[in-house]
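Note that the coordinates shown come from a computational prediction; the quantities given were computed from them, not determined experimentally.
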Amino acid sequence: MDVVIADDSVLLREGLRHILERFGHRVVASVGDATELLAAVDARLPDVAVVDVRMPPGFRDEGLRAALRIRTEHPKVAVLVLSQYVERSYALELLESGSGRGVGYLLKNRVGEIEDFLDAVGRVAAGGTAIDPEVVVRLLEDRRDREGIDRLTPRERDVLALMAEGKSNGAIARVLVVSEAAVLKHVGNIFAKLLLDPSDEEHRRVAAVLRYLRDGGG
């Protein structure tokens, strides 16, 4: 697939380029600020843009705002955001953009886990979602007083966090060391508690995650 990388750190850009090209992807542009990112996406229309949140000139949320603009202007371009922190102000807006299709938010320490990083890139390129479990936890911290979050058991929250990563029921079962039947039961309970239709196959897992993050399950 074609990838655009945007990060102010030359070392990280080159590291990401090496990883992606080593596994057969094409890095069609590697840039250091949000303006160059937008220009590169306009010109190359990659399959995926891998974007740092904080970039010049302000080193605040320029990358995240550029990612939102890409999602609006080029909805077929998937976006994987990398950050050292959870930028709550725009994170939910980003994750909800495009109905949750083709978007991801990973903390930078996840890049060192090459298989996880490549899996996230491939998943968002295919129209899926990849949300770092630590991001899920942080986004939910301010919502613990909401009625909905109290309706989910600790195990259901574990399942939901793994759903946010895009894991299948079988993969969730392996991580939690439970049967796939048990995972199916937890997923059904999550849908019921979040008032989501479990018969709606298309993106119901993403819908559950986004509903939970946005409304605290209420």
Side-chain angles (χ1 to χ4, degrees), residues 1 3 16 19-20 22-25 47-48 50 76 78-83 86 91-92 94-140 143 148-217:
M1 67 188 75
V3 184
L16 293 176
I19 292 171
L20 290 164
R22 176 185 171 192
F23 286 88
H25 304 303
D47 298 298
V48 185
V50 179
K76 292 185 179 180
V79 173
L80 178 61
V81 166
L82 303 178
S83 179
V86 180
L92 281 174
L94 174 71
L95 296 174
E96 289 181 312
S97 63
S99 300
R101 295 182 174 97
V103 65
Y105 196 129
L106 297 184
L107 296 184
K108 283 190 173 180
N109 59 13
R110 194 73 59 184
V111 175
E113 301 172 23
I114 295 176
E115 288 188 9
D116 288 350
F117 171 67
L118 291 171
D119 180 63
V121 171
R123 196 182 311 138
V124 299
T129 303
I131 309 175
D132 194 299
E134 292 183 39
V135 172
V136 175
V137 170
R138 176 61 189 277
L139 291 176
L140 291 174
R143 299 176 181 270
I149 197 169
D150 293 331
R151 288 203 295 262
L152 296 179
T153 66
R155 179 59 84 186
E156 287 164 358
R157 294 180 196 176
D158 292 341
V159 170
L160 186 53
L162 292 168
M163 287 168 60
E165 293 183 74
K167 285 183 167 51
S168 66
N169 288 345
I172 292 172
R174 289 191 292 274
V175 171
L176 298 180
V177 195
V178 297
S179 69
E180 192 164 344
V183 173
L184 282 169
K185 181 178 179 181
H186 290 312
V187 170
N189 289 340
I190 290 168
F191 290 150
K193 291 178 181 180
L194 300 185
L195 305 179
L196 293 171
D197 181 2
S199 67
D200 181 6
E201 292 292 334
E202 186 176 4
H203 293 285
R204 72 185 192 273
R205 299 168 78 84
V206 174
V209 172
L210 295 179
R211 174 71 175 275
Y212 190 38
L213 295 179
R214 183 178 64 245
D215 301 329

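Taken to the nearest 0.5 Å, the CG atom of Leu160 stands 12.5 Å off from the CG atom of Asn189. Between Ile114 atom CD1 and Ile19 atom CD1 the span is 4.5 Å, to the nearest 0.5 Å. Rounding to the nearest 0.5 Å gives a distance of 10.5 Å between CG of Leu162 and CG of Asn169. Here the straight-line distance linking atom NE2 of His186 with atom CG of Asp158 works out to 9.0 Å at 0.5 Å rounding. Atom CG of Asn109 is separated from atom CG of Leu82 by 10.5 Å, given to the nearest 0.5 angstrom. To the nearest 0.5 angstrom, His25 atom NE2 is 5.5 Å from Leu118 atom CG.
With sequence neighbours left out, the salt bridge (Lys or Arg N to Asp or Glu O under 4.0 Å) criterion links Asp47 to no other residue. Applying the side-chain contact (heavy atoms from CB on, under 4.5 Å) rule to Ala171 yields the partners Lys167, Ser168, Arg174; only residues at least two apart in sequence or on another chain are considered.
Counting all heavy atoms, side chain and backbone alike, Ala125 lies closest to Met1 at CB-SD, 3.6 Å.
Within the 4.5 Å cutoff, the side chain of Val187 has heavy atoms near those of the Val159 side chain. Inter-residue side-chain proximity for Phe117 and Leu20 is flagged as met; some heavy-atom pair is nearer than 4.5 Å.
Of the candidates Leu16, Val124, Leu106, Val50 forms a side-chain contact (heavy atoms from CB on, under 4.5 Å) with just one, namely Leu16.
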